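Right, one structure below, let's go through it.
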Amino acid sequence: MSEGALVEFIERGAITVGEVHAGSVLDALNVSQFGQEVVTYVKQRQGVRLLLDFHRVEYLSSAVLTELLRINQTCKEVGGDLRLCALNDDIRKVFEITNLDKMFTIYGEHDDAILKYARALSIEAQEDAWSNVQRDA
Amino acid sequence: MEALGVALKSALRALVERGWVESGQTFYAQLCLEEALVNAVDHGNERDPSKRVRIEISEEGDTCVIRVYDQGGGFSPSDIHLPELEQMNGRGICLIRYCMEAVAYDNETNCLEMRMRRNAACPKEG
């Protein structure tokens with residue numbers, strides 16, 4: 001992790017975990033840096049499966065929601081996807097109020113999130129393989 | 001943006017010191033203050049550095065009144081609805097509406113007024 005960076009990226013098999021180290025607060029003051037770090041990372045990784053881990057984040061505002069929508073769009077552009085985990089109760093409520101809990105897949109704690117995300121990817125791969133078999137038959 | 005951070009911290013400190021918000025339970029008050037200030041700077045003043053934003057905190061009985069003044073063209077909070085899922089902006093005022101007891105914008109004074117009871121800046125149920 002480079003000095004002053006807000007996000008640390010760690011590869012866990014097919015999934016990349018982006019751990020947010022923002023000194024507990026993500027707001028209008030540091031949101032551009034947060035977005036830029038993640039978008040730069042995603043653009044260099046075709047098909048990235050990104051799990052942003054918010055367990056260190058105690059506060060965020062709607063500026064961060066906007067940035068997450070941009071990141072999500074960039075993930076789709078490179079054929080990947082974005083999921084979130086370890087949101088505290090207040091942050092989860094912000095997602096619920098804005099209906100963005102319907103837009104993003106949000107998991108609980110880190111380890112459980114990795115398991116569930118990996119399982120979802122495995123099911124996705126099986127479905128793709130099955131569609132290919134049916135198409136070729 | 002740095003000035004906004006200073007204003008936000010100072011307003012939040014005032015709410016805690018005057019007993020409107022408990023220290024350690026500042027999430028929703030901070031959220032509303034930030035959304036109101038960012039709205040005033042970005043949408044009200046359109047980020048014009050020559051324009052100013054002013055914040056006032058006062059008491060009316062058991063209600064705390066927070067007024068954020070900008071120098072922009074004005075708007076009506078009731079005209080703002082929760083945006084479509086993929087739309088980038090427009091959630092700040094909706095969050096304030098959920099968390100504060102009342103919110104209104106006076107186009108004559110260019111003032112966004114938020115009202116909250118003691119320790120009651122929190123999302124409404126339902």
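Bear in mind the structure is a predicted one, so any value in this text is a computation, not a measurement. Heavy atoms only: backbone and side chains are in, while hydrogens, waters and symmetry mates are out.
With rounding to the nearest 0.5 Å, the separation of CG in A:L60 from CZ in B:F27 is 5.5 Å. Atom-to-atom distance recorded for B:R91:CZ and A:L69:CG is 5.0 Å, nearest 0.5 angstrom. How far OG of A:S62 is from CG of B:N39: 9.0 Å, rounded to the nearest 0.5 Å. Separating the CD atom in A:E58 from the OG1 atom in B:T26 is a distance of 9.0 Å, to the nearest 0.5 Å. For the atom pair OH of B:Y98 and OG1 of A:T98, the computed distance is 9.5 Å after rounding to the nearest 0.5 Å.
Between A:L29 and B:E34 the shortest side-chain heavy-atom distance does not fall below 4.5 Å.
Counting non-hydrogen atoms of other residues, nucleotides and ligands closer than 6.0 Å to CG of A:D128 gives a total above 12. Within a 6.0 Å sphere centred on CD of A:E124, heavy atoms belonging to other residues, nucleotides or ligands number more than 12. Counting non-hydrogen atoms of other residues, nucleotides and ligands closer than 6.0 Å to CD of A:Q36 gives a total of 12 or fewer. Under a cut-off of 6.0 angstrom, the local environment of CD in A:E109 is sparse, with at most 12 non-hydrogen atoms contributed by other residues, nucleotides or ligands. Around NZ of B:K51, the count of heavy atoms belonging to other residues, nucleotides or ligands within 6.0 Å exceeds 12.
Taking both residues in full, the closest heavy atoms of B:L31 and A:Y59 are given as CA-OH, 3.3 Å, listed atom of the first, atom of the second, then distance.
Under the 4.5 Å side-chain heavy-atom criterion for Ile, Leu, Val, Met, Phe, Trp and Tyr, B:L12 and B:M116 are members of the same hydrophobic cluster.
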